[in-house]
Each structure stands twice: as C-alpha cells, then as structure tokens.
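Here's the structure we're looking at; comments come further down.
Chain letters run A, B, ... following the sequence lines, proteins first, then strands; residues in each count from 1.
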2 protein chains.
Amino acid sequence: MTEPAPFSIGAFSRASGLTVKALRHYHERGLLVPARVDRQTGYRAYSQANLDTAAMIRAMRELEVPLDEIAVILAECREDQDLLVYLKRHKAHLATKLEHYQGLVGRIDQVINYEQEVQRVMQEHHGTREIAEREVEPVLVAGLRMKSRYSDCGSGFAQIAKRLGRHIAGKAMCLYYDGEYREDDADFEPCFPIRKGGQAEGLDIRTLPGCRCVTLVHPGPYDTLKYSYAKVLAYANDKGYEIDLPTREVYLKGPGMIFKGNPKKYLTEIQLPIKA
Amino acid sequence: MTEPAPFSIGAFSRASGLTVKALRHYHERGLLVPARVDRQTGYRAYSQANLDTAAMIRAMRELEVPLDEIAVILAECREDQDLLVYLKRHKAHLATKLEHYQGLVGRIDQVINYEQEVQRVMQEHHGTREIAEREVEPVLVAGLRMKSRYSDCGSGFAQIAKRLGRHIAGKAMCLYYDGEYREDDADFEPCFPIRKGGQAEGLDIRTLPGCRCVTLVHPGPYDTLKYSYAKVLAYANDKGYEIDLPTREVYLKGPGMIFKGNPKKYLTEIQLPIKA
DNA sequence: CTAAGCCCTGCCCTTACAGGAGAGTCAAGC
DNA sequence: GCTTGACTCTCCTGTAAGGGCAGGGCTTAG
C-alpha cells in the first residue's frame with residue numbers, strides 16, 4: 001500500500017465487475033467516490049481501497065439492496081456483523097416479493113386452467129343442440145342463496161370466487177327455486193363446484209344430489225334463454241314429466257375471467273330435474 | 001344501450017376501480033379511449049362499453065401484464081380463449097421472477113446464517129488467547145489443493161463457495177502441506193466443511209480425520225501470523241511433540257462475505273496435529 | 001500528424017403511473 | 001349575477017438504476 005495504485009475507470013470496471021456507467025452513477029450518488037479526480041480533465045482515479053467498497057456494493061446489489069440503503073450501510077457499518085439487522089430487514093422485503101409472485105403465479109394458473117376447461121367443454125358440446133335426457137352426477141358445490149334480481153347473480157359468483165377461488169373445480173352454475181320467472185325478488189343460488197368440503201362463512205357447502213334431467217344447451221345471450229326454456233318445458237310436458245325444484249343452469253361458456261366475450265358464443269346448459 | 005350512459009372520469013374511476021390518473025394514462029397510451037371527448041373542454045366521457053375494457057385492463061394489470069402487451073391483446077383478442085397463449089407466456093415470465101427471488105432469498109439466508117455463526121464463534125472464543133491442547137473432531141470437507149502463492153487462497157475459497165455454497169456448514173479452513181514457509185510455490189488446500197458427501201468436479205470431498213492438536217487463536221491480520229506460529233511451535237518443541245502434516249488454520253473471523261472488515265479483529269485458529 | 005482508444009459531461013430513455021401547479025368547468029346556493 | 005366547492009383539464013417533474021448516444025477532450029503509438 002505504498003502507492004495508491006490508481007486504476008482508470010475502465011481498469012477499475014474490469015477489476016470490480018461493475019460497469020463504467022454504474023461507477024459514474026455511484027460516484028454521483030456519493031457511494032463510491034474515486035480516490036482522486038483530476039481537476040483538469042475530470043478523469044477519475046480509483047484506489048485499492050475503492051476496490052473493497054466496490055466489492056461490497058456489488059455484493060449488496062446482487063441481493064438487490066437499493067442504493068439508498070447501501071449508502072446508509074456504508075456510512076454506519078465497518079463489519080459484516082453490523083449489517084445483520086439490515087440484511088434481515090432486506091430478507092423480509094425479499095420474502096414479501098416472493099410471496100407476491102407466488103400469489104400471481106397461482107392466480108394466473110387458475111385463469112389458465114379455467115380457460116382451458118372452457119375450451120375443452122366447448123369442443124365437447126360442439127353441435128349438441130338437442131334436447132336430451134341424462135343422469136347428472138352428484139357434485140360438491142359452494143352456493144350463495146339470494147333473493148334479489150337475476151342481474152345480481154354476477155356479484156354472487158364474484159363473492160364465492162373471492163373466498164374459494166383456489167378450490168373451484170368446474171363451471172359456474174345457478175339454481176332456481178322459483179317455479180316461474182320473477183324480476184325483482186327472484187330466489188336463486190349462484191354456485192361453484194369445489195374440490196373438497198370445508199367451511200366458509202355465509203356460503204352453503206354441500207353435495208348436490210344426482211338426478212335424471214331434461215337438458216338443453218342454449219347458445220347465445222342470456223336474454224334469449226326464455227325460448228330454450230319454452231322448448232324444454234314443452235318437451236317435459238309432452239312426456240308427462242313433473243319438474244323438481246331447483247332447476248339448474250350450467251354456464252358452459254359465459255363471460256370470461258378477463259374478457260366479457262361475445263354473448264352470441266355463450267353456451268348455457270339448462271337442466272330440469274325430473275321428479276321420480 | 002339506448003343511451004351511452006356517460007360517466008365522468010371521476011364516476012368511471014369509482015365504477016371501474018382504476019384511478020383517474022391511470023385512466024388518463026390509458027387514454028394517452030390508446031388502451032382505453034373514452035367514448036366521447038368534449039372538443040371545447042377536453043372533458044372525457046366514458047361509456048358502458050368502456051367499462052368492459054376497463055375491467056379487462058384491471059384484471060390484466062393485477063397479473064402485472066405490461067401495458068404494451070395489453071395493447072396487443074386488446075387489438076387481437078375478443079375472447080378469453082384467444083389470450084391463452086399470452087397468459088402462458090406471461091406465466092413463464094412470472095415464474096422466472098419467482099425463481100429469481102427464491103434464489104435471492106436463499107443467498108441472503110446463507111449470508112445471514114454465516115454471519116450469525118461468525119458472531120457465535122467470536123463470543124465463544126472471546127478471551128481465549130492461550131495455547132491449548134485439545135481433540136479436534138473429524139469433519140467432512142470439500143477442498144481444492146493448490147500449488148501457488150498463499151495470496152491465491154482467496155480465489156480457491158471463492159471457487160468452492162460458488163459450487164457448493166448451499167452445502168457449506170462451518171468456517172473456512174486451510175491445510176498446509178509444506179513444513180516450512182514458501183512464497184511462490186506453496187502447497188496448500190483451502191477447504192470448507194460441508195453438510196453431506198457428494199461429488200464436485202475438481203474438488204476433493206473427504207472426511208478430515210480427528211486428531212489431538214496444539215492450538216492457538218491468533219488475533220489480528222494475517223501478516224502477523226508468523227509470531228503466533230513461532231509461539232505455538234516453541235510450545236510443541238518444549239513438550240517434545242512431533243508435528244503431523246498438513247497443519248491447519250481455521251478462519252474463525254476473517255474478511256466477511258460483504259465487508260472486508262478490520263484485519264485487527266480477525267481471529268485465526270492455528271491447529272498443529274500431534275504425531276501419535 | 002493522425003487514428004485509435006479512453007475518458008468526460010449532459011441529455012434522453014426505460015415502467016406505470018403519482019403528485020402538484022395553474023387554470024378552466026359545472027352545478028348549486030345566495 | 002356571483003360565489004363557492006367539487007371536478008376536470010394540461011403540463012411538468014419524479015420515481016430506480018442505470019443504458020445509450022452525442023459531442024468533445026486526452027493520450028499514445030505508428
């Protein structure tokens with residue numbers, strides 16, 4: 001250490017692994033001030049001691065510690081032990097980010113899975129536009145019964161999804177407890193099939209019984225559902241079936257999670273349980 | 001939809017959950033252009049249709065999709081299905097970030113653990129400045145034997161740490177195979193205690209045998225180690241012990257992982273194995 | 001003498017808005 | 001008609017940590 005062994009900024013850049021730009025930036029911020037600066041030319045000259053500081057800054061930057069905090073640490077710490085408290089704080093910060101991204105990946109996965117499911121179901125039901133009778137399997141659902149207007153249905157789905165988003169295992173459905181159409185005080189229950197039983201305040205989690213149903217897939221917007229209902233009710237009447245409440249609608253394809261989509265492409269399955 | 005039911009920007013902000021600032025920004029970027037803009041006043045008027053787009057943008061922004069990509073999606077997609085490819089791409093991007101932060105948390109954890117260990121060891125050895133004889137336990141190490149200058153030791157540690165960083169389980173040590181001091185072609189082996197056996201190309205992973213040693217903790221910089229060596233060798237000579245190679249140095253406290261620290265505070269344990 | 005390689009400062013660019021200044025607009029109350 | 005308060009407009013600046021480039025100065029080798 002007899003001579004300061006001055007580095008030019010380029011040489012120091014190679015020695016420290018920091019870019020020239022970064023070095024100038026750190027100089028400006030006061031984090032890493034060169035040992036000497038030529039008054040005439042403005043040329044920076046870095047010393048061996050600068051190299052230690054540079055290594056420290058690099059190590060901290062690799063952990064994404066912000067420059068402001070590095071400045072504080074440089075001002076207050078000489079030893080690694082002094083900065084344990086800063087490191088712990090920063091770790092907590094990183095952990096927060098980590099959780100944040102875990103959450104995002106989880107949510108985007110949900111969306112992707114949901115949309116893939118929609119795609120699958122649409123393929124499956126392609127061309128099935130006939131009235132049919134079939135056995136509907138029992139299914140575990142979480143429902144939220146409402147006496148309200150039909151249009152509030154959407155907010156019901158939103159509430160369920162918010163609380164059980166992670167456990168949703170199928171297409172949204174709605175149960176109708178009125179035997180007839182009502183505008184303002186309809187009695188219905190939006191629900192989602194879920195993966196496993198549990199508790200959720202305000203939600204009714206139970207298994208819908210399986211049953212034999214008259215079914216019809218209705219294509220298009222919801223305001224034309226009544227025509228499909230007319231068809232399927234006429235069919236049931238013809239056959240002399242009595243209908244069990246609640247009736248069900250399954251939204252094979254409705255508004256997406258991101259796009260509302262084109263209502264002409266909506267697919268809704270009407271299920272009328274046949275009284276045994 | 002007889003009337004566009006125009007929202008003022010404030011009302012639209014409340015309806016959509018986007019800030020006024022954000023709405024103006026989206027307008028400027030062309031993502032969400034209000035249904036009408038008053039020529040005179042510049043007042044924006046938003047429509048019901050705008051609300052759908054706003055919901056879509058909000059959903060995408062919550063997944064941290066960048067605005068540029070949202071613009072592309074808005075230009076090309078009408079249905080959720082169309083954007084599966086974008087979502088998957090974005091998910092990959094998020095997953096990358098996730099891994100990145102996992103790596104950071106892992107590394108900062110290493111640093112914290114290491115420094116806590118240093119702190120513990122320093123407390124333990126506080127005031128122990130006497131020559132002692134004791135049994136040294138066997139220990140599993142990864143070493144990198146070098147014939148070089150002593151000062152290259154550091155790069156040896158760096159190489160080992162880079163490859164086995166995750167498995168390091170104790171303080172850095174160095175084995176010396178020369179019975180005497182050599183400047184340029186010294187024969188020595190930096191090593192780290194590690195957690196479990198394994199393979200690493202170029203590294204010698206093995207268990208150092210336990211042995212009875214004459215030990216002395218040397219405080220201060222490495223260039224004064226020779227005085228401590230003189231003391232401990234004189235002691236061994238007095239007792240008539242013969243010394244087994246390699247001798248060992250354990251760096252209880254040396255330069256930290258972040259700060260170089262003050263050499264006056266360094267603690268180095270010299271271990272001379274006694275030939276049985 | 002000139003060309004190459006360094007170095008300097010200063011300006012603009014990146015993301016997705018937030019904050020604020022200064023000015024114009026709107027509806028209601030007096 | 002005037003005022004008041006709530007709203008709205010545009011424009012500017014700031015964020016983190018530099019990257020990229022322009023225009024110009026320095027030094028040294030051929």
Produce the list of close N/O pairs, under 3.5 Å, pairing protein atoms with atoms of nucleotides 22-27 of chain D; give distances to one decimal.
residue : atom : partner : partner atom : Å
D:dG25  : N2   : A:Y43   : OH           : 2.8

Is it true that a side-chain atom of [X] and a backbone atom of [Y] form a donor plus acceptor pair closer than 3.5 Å?
X: A:N50; Y: A:A35; result: yes
X: A:S13; Y: A:L18; result: yes
X: A:R44; Y: A:R36; result: no
X: B:R163; Y: B:E201; result: yes
X: A:H90; Y: A:L63; result: yes
X: B:D52; Y: A:F259; result: no
X: A:R149; Y: A:A186; result: no

Near-strand residues of residues 58-70 of chain A, defined as heavy-atom separation under 4.0 angstrom from DNA chain D: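 Within residues 58-70 of chain A, the residues near DNA chain D are A:R61, A:P66, A:L67.
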DNA chain D-proximal residues of residues 9-17 of chain B, any heavy atom under 4.0 Å: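 Close to the strand are B:I9, B:G10.
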Residue pair B:Q102, B:V105: steps toward the side chain to side chain contact (heavy atoms under 4.5 Å, CB included) verdict: CA-CA 5 Å; B:Q102 278 170 343; B:V105 169; 5.9 Å; no
Under the side-chain contact (heavy atoms from CB on, under 4.5 Å) test, residues paired with A:V85 that sit two or more places apart: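 For A:V85, no residue satisfies side-chain contact (heavy atoms from CB on, under 4.5 Å) once neighbours in sequence are set aside.
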Sole candidate of A:L32, A:T53, A:L83 that passes side chain to side chain contact (heavy atoms under 4.5 Å, CB included) when paired with A:L74: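 That would be A:T53; it is the only one of A:L32, A:T53, A:L83 passing the side chain to side chain contact (heavy atoms under 4.5 Å, CB included) with A:L74.
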Over-ring placement of A:K162 relative to A:F157, 6.0 Å and 45° cut-offs: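 No, a cation-pi geometry is absent between A:K162 and A:F157.
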Aromatic A:Y86 / basic A:K91 pairing, under 6.0 angstrom, 45° off normal: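 No cation-pi geometry.
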d(CZ, B:R44; C1', D:dC9) in whole Å: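 Interatomic distance, CZ of B:R44 to C1' of D:dC9: 7 Å.
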A:H25 NE2 to D:dT15 P, straight-line distance once rounded to whole Å: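 In whole Å, D:dT15 P and A:H25 NE2 are 11 Å from each other.
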Short side-chain N/O contact from B:R24 to OP1 or OP2 of D:dT10, under 4.0 Å: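 For B:R24, the contact criterion (side-chain N or O under 4.0 Å from OP1 or OP2 of D:dT10) is not met.
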Chain A contact limits on DNA chain C, taken 5' to 3' with a cut-off of 4.0 angstrom to heavy atoms: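 The footprint of chain A covers C:dC6 to C:dG10.
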Axis bend over the full length of the helix from C:dC1-D:dG30 to C:dC30-D:dG1, computed from five pairs that close each end, to 10 degrees: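 Roughly 50° between the end axes, to the nearest 10°.
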Parallel, tilted or perpendicular: rings of A:Y46 and A:F12 (30°, 60°):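 Parallel.
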Charged N-O contact under 4.0 Å between A:R58 and A:E62: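 So A:R58 pairs with A:E62 through a salt bridge.
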Under 3.5 Å side-chain donor-acceptor pair for B:E64 and A:H100: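 Side chains of B:E64 and A:H100: pair found under 3.5 Å.
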